[in-house]
Amino acid sequence: MKTKNKIMKKFIFAIIITSIALISISSCKKEDQSIMDNSNGKYTENALNIWNRLNSFNNKMKDGNSSRDIVLVPADSVIWYLENMLNIQLSVDTSFSTSDKYRENYTLDLDENGFVAMSELTTLYNQMESDIENQLGQIESDYKYLLIADLYEENSRSGDMEIALDGIYATGRFMTYTPFTEDDNWYYGHMLGREDGSYLYQSDAIVQLAMRINNQGIKPTFQYNTWLDPIQSPNNIGSPSNDRMFYEVAASAPVIEHNDMLTYLMSWHYLVYNSSSDIPYGYFPTGPGYEDYYFHLVDYWTNEQPPSDNKYWHGMDAFYGVPVYMPPIN
């Protein structure tokens with residue numbers, strides 16, 4: 001921004017120009033082969049074990065009410081099965097330009113022992129699938145698909161289970177990575193376009209940032225065909241103290257200059273790829289059970305326009321998941 005020290009900005013700019021070329025080789029964790037392939041087209045034992053569990057669940061859903069046996073599923077397994085089935089059967093992972101999120105809420109009845117009947121899970125799964133298709137049907141684009149289905153349990157009342165579904169859908173073709181140039185001076189948000197007056201109601205600074213951090217060119221290149229167990233990072237909302245996200249007190253919508261766009265792109269890159277043991281703090285999930293997690297998507301937003309307190313900022317959530325290579329489930 002124009003208030004920053006010009007010498008420091010040139011220094012940061014030089015570092016970023018050098019660093020941006022190294023993103024694809026320095027950003028990703030060391031590949032863990034426990035569920036991914038060994039580049040030989042074979043499925044690992046762990047991947048097949050997961051496939052067997054999910055395929056068995058899928059077959060039981062297909063049986064529906066035709067089976068004479070009542071199949072019960074423990075409540076603590078419901079989200080794992082439903083979430084991964086949605087992502088395996090409905091989600092697509094390829095290049096795109098923009099993404100958006102919507103939310104649906106559902107309720108499941110539990111029996112006195114905390115179990116759910118398979119027939120109810122089948123009904124719920126079909127409803128979720130229908131809702132996803134309806135959501136996509138409302139989008140005016142010929143290139144659209146579900147990217148992530150993220151399920152989690154909300155506070156439940158006695159005798160039932162409240163489930164929220166965050167659906168991330170993607171639109172628009174974006175096949176190549178394009179670095180920022182001197183022309184990339186963008187208004188901060190709300191599709192206000194570029195400083196030169198172009199792209200009004202088509203793009204803005206945060207969209208341009210997200211297009212690059214979500215680009216397939218900087219993601220892991222190992223072979224996989226689906227994602228398991230998506231999780232969402234804490235909200236990363238900018239503040240004057242951490243200088244991680246764009247944050248400015250201004251009388252009118254500010255323009256983020258091209259060198260600052262590079263600064264924020266590198267900050268985003270750090271946030272989504274580095275561990276919490278690093279300084280300054282990163283948001284990569286750590287701890288037991290997260291060894292196989294990789295960055296999947298950044299979701300983003302801006303505050304209102306114009307903001308009541310004259311503070312303009314960006315918010316960001318990072319989604320992670322477990323990429324896996326295994327047979328399809330139909």
Side-chain angles (χ1 to χ4, degrees), residues 1-4 12-13 16 20 23 95-102 139 141 147-148 166 168-174 177-219 232-240 242-273 282-283 295-319:
M1 277 152 266
K2 294 179 180 180
T3 57
K4 289 184 178 180
I12 293 174
F13 181 79
I16 293 171
I20 203 76
I23 283 179
S95 58
F96 61 93
S97 59
T98 60
S99 62
D100 206 351
K101 180 170 65 175
Y102 72 95
I139 302 171
S141 174
L147 190 64
I148 299 173
D166 281 345
I168 309 291
Y169 58 83
T171 58
R173 302 178 188 275
F174 186 72
Y177 184 92
T178 56
F180 287 123
T181 70
E182 292 184 356
D183 294 327
D184 284 307
N185 304 313
W186 293 86
Y187 283 97
Y188 90 112
H190 295 284
M191 299 296 180
L192 296 177
R194 209 162 64 179
E195 185 181 33
D196 60 9
S198 59
Y199 300 100
L200 181 62
Y201 307 128
Q202 299 177 46
S203 191
D204 56 43
I206 196 168
V207 170
Q208 292 293 316
L209 287 166
M211 285 171 61
R212 287 162 175 81
I213 200 69
N214 287 328
N215 188 274
Q216 291 286 327
I218 65 170
K219 291 184 179 181
Q232 187 174 349
S233 73
N235 294 343
N236 300 308
I237 298 178
S239 71
N242 61 28
D243 199 28
R244 272 296 175 202
M245 302 294 296
F246 174 76
Y247 187 104
E248 182 168 302
V249 178
S252 61
V255 169
I256 306 181
E257 298 176 359
H258 63 278
N259 47 352
D260 291 317
M261 293 285 282
L262 284 168
T263 300
Y264 292 119
L265 180 61
M266 293 302 295
S267 295
W268 282 32
H269 185 264
Y270 181 90
L271 280 172
V272 301
Y273 283 112
Y283 282 95
F295 168 63
H296 192 6
L297 170 86
V298 155
D299 184 39
Y300 55 90
W301 64 94
T302 57
N303 63 335
E304 69 271 16
Q305 163 66 18
S308 58
D309 55 4
N310 291 332
K311 296 178 180 178
Y312 293 80
W313 50 261
H314 294 155
M316 182 189 80
D317 285 332
F319 283 83

Interatomic spacing from [atom1] in [X] to [atom2] in [Y] - rounded to 0.5 Å:
{"X": "Ser141", "Y": "Ile139", "atom1": "OG", "atom2": "CD1", "answer": "7.5 Å"}
{"X": "Ile213", "Y": "Leu297", "atom1": "CD1", "atom2": "CG", "answer": "10.5 Å"}
{"X": "Tyr169", "Y": "Tyr102", "atom1": "OH", "atom2": "OH", "answer": "9.0 Å"}
{"X": "His190", "Y": "Ile206", "atom1": "NE2", "atom2": "CD1", "answer": "9.0 Å"}
{"X": "Thr302", "Y": "Leu192", "atom1": "OG1", "atom2": "CG", "answer": "8.5 Å"}
{"X": "Tyr264", "Y": "Asn259", "atom1": "OH", "atom2": "CG", "answer": "10.5 Å"}

Legend entry - Any residue meeting side chain to side chain donor-acceptor pair (under 3.5 Å) with Ser203, in chain and number order, not counting sequence neighbours: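 Result, side chain to side chain donor-acceptor pair (under 3.5 Å) vs Ser203: Gln208.
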Legend entry - Residues that Thr171 engages under side chain to side chain donor-acceptor pair (under 3.5 Å), provided they are two or more places apart: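 With sequence neighbours excluded, Thr171 shows a side chain to side chain donor-acceptor pair (under 3.5 Å) to Thr98, given in chain and number order.
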Where is the tightest heavy-atom contact between [X] and [Y], given as atom of each residue plus distance?
{"X": "Ala205", "Y": "Ile256", "result": "CB-CD1, 3.7 Å"}
{"X": "Asp184", "Y": "Pro179", "result": "OD2-O, 4.1 Å"}
{"X": "Val298", "Y": "Val272", "result": "CG2-CG1, 3.7 Å"}
{"X": "Lys311", "Y": "Val249", "result": "CG-CG2, 3.7 Å"}
{"X": "Glu248", "Y": "Pro254", "result": "OE2-CB, 3.1 Å"}
{"X": "Tyr312", "Y": "Ala250", "result": "CE1-O, 3.5 Å"}

Inset, instruction - Show your reasoning for whether side-chain contact (heavy atoms from CB on, under 4.5 Å) applies to Lys101 and Asp317. - result: CA-CA 11 Å; Lys101 180 170 65 175; Asp317 285 332; 3.9 Å; yes
Inset, instruction - Flag the pair Thr178 / Arg212 as yes when at least one side-chain heavy-atom distance between them is below 4.5 Å, and no otherwise. - result: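 Yes; the side chains approach each other to less than 4.5 Å.
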Inset, instruction - Just say parallel, tilted or perpendicular for the rings of Phe246 and His314, cut-offs at 30° and 60°. - result: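 Correct class here is tilted.
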Inset, instruction - Please step through side-chain contact (heavy atoms from CB on, under 4.5 Å) for the pair Trp301 and Trp313, ending with a clear verdict. - result: CA-CA 9 Å; Trp301 64 94; Trp313 50 261; 3.3 Å; yes
Inset, instruction - Report the C-alpha separation of Tyr300 and Val207 in whole Å, then their side-chain angles, then the decisive distance to 0.1 Å, and conclude whether the side-chain contact (heavy atoms from CB on, under 4.5 Å) test is met. - result: CA-CA 8 Å; Tyr300 55 90; Val207 170; 4.0 Å; yes
Legend entry - Partner of His296 under side-chain contact (heavy atoms from CB on, under 4.5 Å), chosen from Ile148, Asn214, Ile168: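 By the side-chain contact (heavy atoms from CB on, under 4.5 Å) criterion, His296 pairs with just one of Ile148, Asn214, Ile168: Ile148.
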Legend entry - Backbone N/O of Tyr187 and side chain of Asp204: donor-acceptor pair under 3.5 Å: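 Judged by distance alone, no pair lies under 3.5 Å.
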Inset, instruction - Measure centre to centre between the rings of His258 and Phe180, then say whether the value is under 6.0 Å. - result: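 Here the rings of Phe180 and His258 have centres that are no less than 6.0 Å from each other.
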